[in-house]
Amino acid sequence: MAYDEGLAQRVRELIMDVAEFSEKKMFGGICFMVDGNMACGVIEYDVIVRVGPHNYEAALRAPGVRVFDFTGRPMKGWVVVTSESHESDEQLADWINQGVTFALSLPSK
C-alpha cells in the first residue's frame with residue numbers, strides 16, 4: 001500500500017470544507033492541490049504538509065514532525081507529520097489548514 005486510503009479520505013473531507021482542490025498521485029502517495037499548488041498529501045501513514053518557508057522552523061518543532069526528504073534532499077517548506085500528530089480530527093484539521101492557507105497564498109497555476 002502506497003498510502004492509507006482512510007487517511008486520504010479524512011484529508012479530502014477536510015479540504016472539501018475550505019477550498020476547491022484536485023488530487024494527483026506523487027511521491028508514491030497522493031497530493032492535494034489547491035489552485036494548482038500542492039498543499040498537502042498522504043504517503044503511507046504520514047501526512048505531508050506544505051507550510052511554507054516562514055512557518056517551516058516552527059512546524060519542525062512540533063511533536064511528531066520531521067523534515068520531508070523524500071529524495072534524500074530536504075524539501076524546504078514541507079514537513080512530514082507522523083500519525084501521532086494527526087490522530088485526532090482537530091490535529092489533522094490544523095495541519096491541513098496550514099497547507100491550504102499556504103497554497104492559497106501563492107499565485108494560481
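All values reported here derive from a predicted model rather than from experimental measurement. Index from 1, following the sequence.
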### Task
Using the rule that two of Ile, Leu, Val, Met, Phe, Trp, Tyr join whenever any of their side-chain heavy atoms come within less than 4.5 Å, decide whether Val42 and Val79 are in one cluster.
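Both belong to a single hydrophobic cluster.
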#### Entry: Single-linkage hydrophobic cluster Phe102~Val67, side-chain heavy atoms < 4.5 angstrom
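As far as the 4.5 Å side-chain criterion goes, Val67 and Phe102 are not connected within one cluster.
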Between [X] and [Y] (side chain of the first, backbone of the second, donor and acceptor by atom type, cut-off under 3.5 Å), is there such a pair?
| X | Y | answer |
| --- | --- | --- |
| Ser85 | Val81 | no |
| Asp69 | Gly72 | no |
| Thr82 | Asp46 | no |
| His86 | Asp94 | no |
| Asp35 | Leu106 | no |

Distance in Å, [X] [atom1] paired with [Y] [atom2], rounded so as to fall on 0.5 Å steps:
| X | Y | atom1 | atom2 | answer |
| --- | --- | --- | --- | --- |
| Met33 | Arg50 | CE | CZ | 8.5 Å |
| Asp4 | Ile43 | CG | CD1 | 13.0 Å |
| Met38 | Phe32 | CE | CZ | 13.0 Å |
| Lys24 | Ile30 | NZ | CD1 | 12.0 Å |
| Glu13 | Met16 | CD | CE | 6.0 Å |
| Ile96 | Asp89 | CD1 | CG | 11.5 Å |

### Task
Check the surroundings of atom CD in Glu20: do more than 12 heavy atoms from other residues, nucleotides or ligands lie under 6.0 Å from it?
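Check fails, neighbour count at 12 or below.
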### Task
State, with a plain yes or no, whether a side-chain heavy atom of Leu14 is found less than 4.5 Å away from one of Val100.
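No, every pair of side-chain atoms sits at 4.5 Å or beyond.
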Mind listing the closest non-hydrogen atom pair of [X] and [Y] along with its distance?
| X | Y | answer |
| --- | --- | --- |
| Ala62 | Trp95 | CB-CZ2, 3.9 Å |
| Cys40 | Val11 | SG-CG1, 3.9 Å |
| Ala103 | Asn37 | O-ND2, 3.6 Å |
| Cys31 | Ile48 | SG-CD1, 4.1 Å |
| Tyr56 | Gly77 | CD1-N, 3.2 Å |

### Query
Can the ring centres of Phe68 and Phe27 be said to be less than 6.0 Å apart?
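Yes - the distance between ring centres of Phe68 and Phe27 falls below the 6.0 Å cut-off.
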### Task
Return yes if a side-chain donor-acceptor contact under 3.5 Å exists between Glu87 and Gln91, otherwise no.
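Looking only at side-chain atoms, Gln91 and Glu87 do not form any donor-acceptor pair under 3.5 Å.
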